[in-house]
Amino acid sequence: MIVDPLGRRFKNLRVSLTAACNYACTYCVPDGKKLQALSAELSEEELIYAVRLLVEAGGIDKLRITGGEPLISPKFDSLLNSLNKLALEDLAITTNGQFLKKKLPVIQLAGINRINVSLDTLDHMAFRSIARSGDLATVLEGIEEALALGLKVKVNCVPIRTANLDQLLPMLEYCLNKNIELRYIELMNMGHLKHNQSYEQDFVGMDEILEKIGTKYEYYKIDAPLDSTSVRFEIPDFGRFGIIANESEPFCRTCTRLRLSSNGQIFGCLSNSKAFSIRQLLDKPYPTAITELQTVLRSAMQLKQRLAFTGETTVMKFIGG
């Protein structure tokens, strides 16, 4: 196990199946869809081996499947079954939900019971404006069917001042009514937003979110796991919500996350664009690969911020959410 001077270790692995996405969300993609050649992606066999190595070498016990949009990857169906055989405490998926209804049988068969759905608005026109694709009704149907099957669903919402500020309460009420935990995610200073004044214009912080919620609900802060990215709150008799306050209340000092991109790059920190390719390790025998990978992981750990997220020009869709 690799531990840094702050006591942090790699515990949570985000695995991007593909950089491709059927959406082109305004806060993620600058000018429509930017594609990465499929030939650049790891094969299914390489990806499985890479994850197995990272779980063993890094002491990973939680894994989240991300993208791009993981449900559109041709590797998705068979990969679920392979990853589910690893010795993990938790295996979950983050999706935009557009193909959730179609893929629920595969997800259920693989024994996965936790899904995060990215959804920024309940307004059909705003949905198309933000995602620049997709259909809101289809996403909502997928969420309904997932809940009916007994899956635990969380919804991730990015408040954007010029796009969905009026949705702070409607989104919360939708989730409370369905026993879904909503997590507001502060706009991240990444990718094309890093050097763009629209970031400052569109940023909505935790204090403003809580002030809006407080106009209708009483709430209080509750405990969260030490390495949680979310500040969590309880609304008595209604339910819970969280805020991933990467700017307002940074969680870098307890971060346990590691990311594997679909093209075989590992990222130790979102505030640093430096990546380490592990492709060359995937042709080596297991003992050799483990030893060399541990050296790489020590270097990745050293890139973690000690205090707060500082942002980076790295595009999130290429490295996994």
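Quick note: residue numbers are just sequence positions, from 1.
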Please tell me if the side chains of [X] and [Y] come closer than 4.5 Å, counting only heavy atoms from C-beta onward.
X: Leu13; Y: Leu88; result: no
X: Asn96; Y: Val139; result: no
X: Asp77; Y: Lys103; result: yes
X: Val204; Y: Tyr184; result: no
X: Tyr49; Y: Leu42; result: no
X: Leu260; Y: Leu47; result: yes
X: Phe251; Y: Val231; result: no
X: Leu169; Y: Thr215; result: yes

task: Please assess Leu6 against Lys304 for the test side chain to side chain contact (heavy atoms under 4.5 Å, CB included), listing each intermediate value before the final yes or no.
output: CA-CA 10 Å; Leu6 294 180; Lys304 281 192 174 295; over 6 Å; no
query: So among Leu151, Leu17, Leu100, Leu80, which one has a side-chain contact (heavy atoms from CB on, under 4.5 Å) with Ile93?
result: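 Going through Leu151, Leu17, Leu100, Leu80 one by one, the side-chain contact (heavy atoms from CB on, under 4.5 Å) with Ile93 is satisfied by Leu80 alone.
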Are there more than 12 heavy atoms of other residues, nucleotides or ligands under 6.0 Å from atom [atom1] of [X]?
X: Asn81; atom1: CG; value: yes
X: Asp237; atom1: CG; value: no
X: Glu141; atom1: CD; value: yes

If I take atom [atom1] from residue [X] and atom [atom2] from residue [Y], how far apart are they, to the nearest 0.5 angstrom?
X: Leu297; Y: Gln302; atom1: CG; atom2: CD; value: 11.5 Å
X: Met301; Y: Thr256; atom1: CE; atom2: OG1; value: 8.5 Å
X: Asn12; Y: Arg259; atom1: CG; atom2: CZ; value: 9.5 Å
X: Leu258; Y: Phe10; atom1: CG; atom2: CZ; value: 5.0 Å
X: Leu293; Y: Ile2; atom1: CG; atom2: CD1; value: 7.5 Å
X: Ile65; Y: Ile112; atom1: CD1; atom2: CD1; value: 4.5 Å

task: Take Glu46 and Glu41, measure what side chain to side chain contact (heavy atoms under 4.5 Å, CB included) needs, and give me the verdict at the end.
output: CA-CA 9 Å; Glu46 289 174 324; Glu41 295 187 354; over 6 Å; no
Do [X] and [Y] belong together in a cluster built from hydrophobic side chains that touch within less than 4.5 Å?
X: Leu109; Y: Ile115; result: no
X: Ile243; Y: Leu165; result: yes
X: Leu140; Y: Leu149; result: yes

query: For Leu54 and Leu63, what are the C-alpha separation, side-chain angles and deciding distance, and is it a side chain to side chain contact (heavy atoms under 4.5 Å, CB included)?
result: CA-CA 10 Å; Leu54 286 166; Leu63 190 151; over 6 Å; no
Heavy-atom pair of closest approach, residues [X] and [Y]:
X: Ala19; Y: Ser262; value: N-OG, 3.5 Å
X: Ser230; Y: Ala224; value: O-CB, 3.8 Å
X: Ile278; Y: Ala50; value: CD1-CB, 4.0 Å
X: Ala245; Y: Met206; value: CB-SD, 4.0 Å
X: Leu104; Y: Gly142; value: CD1-O, 3.9 Å
X: Leu122; Y: Gln167; value: N-OE1, 2.8 Å

Under 3.5 Å, is there a donor-acceptor pair between the [X] and [Y] side chains?
X: Glu69; Y: Thr18; value: no
X: Asp202; Y: Tyr27; value: no
X: Thr94; Y: Arg64; value: yes
X: Asn263; Y: Ser261; value: yes

field: Intermediate values then yes/no, side chain to side chain contact (heavy atoms under 4.5 Å, CB included), Phe233 and Ile213
entry: CA-CA 11 Å; Phe233 301 88; Ile213 292 171; over 6 Å; no
field: Qualifying residues under side chain to side chain donor-acceptor pair (under 3.5 Å), relative to Asp61, sequence neighbours excluded
entry: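 By the side chain to side chain donor-acceptor pair (under 3.5 Å) rule, Asp61 matches Arg9.
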Short side-chain to backbone donor-acceptor contact, [X] and [Y], under 3.5 Å:
X: Arg132; Y: Val29; answer: yes
X: Glu186; Y: Ser248; answer: yes
X: Thr254; Y: Leu226; answer: yes
X: Asn164; Y: Val158; answer: yes

message: For the residue pair Arg52 and Tyr286, would you count it as a cation-pi contact if the rule is NZ or CZ under 6.0 angstrom from the ring centre and within 45 degrees of the ring axis?
response: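 Judged by the rule (NZ or CZ under 6.0 Å from the ring centre, within 45° of its axis), Arg52 counts as positioned above Tyr286.
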query: How would you list all residue pairs meeting salt bridge (charged side-chain N to carboxylate O under 4.0 Å, His left out) that involve residues 204-213, not counting sequence neighbours?
result: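 Sorted pair list: Arg161-Glu208.
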message: Check this for me, if you would: do Lys75 and Glu44 make a salt bridge, where the nitrogen-to-carboxylate-oxygen distance has to be below 4.0 angstrom?
response: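 Salt bridge: no.
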message: Between Lys178 and Glu144 (salt bridge meaning N to carboxylate O under 4.0 Å), is one present in this structure?
response: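 Salt bridge flag = yes for Glu144 with Lys178.
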- request: Going by the salt bridge (charged side-chain N to carboxylate O under 4.0 Å, His left out) test, name the single residue among Lys152, Arg114, Lys11 that passes it with Asp90.
  value: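 That would be Arg114; it is the only one of Lys152, Arg114, Lys11 passing the salt bridge (charged side-chain N to carboxylate O under 4.0 Å, His left out) with Asp90.
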task: Report the residues that fulfil salt bridge (charged side-chain N to carboxylate O under 4.0 Å, His left out) with Glu181, sequence neighbours left out, ordered by chain and then residue number.
output: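 Arg232.
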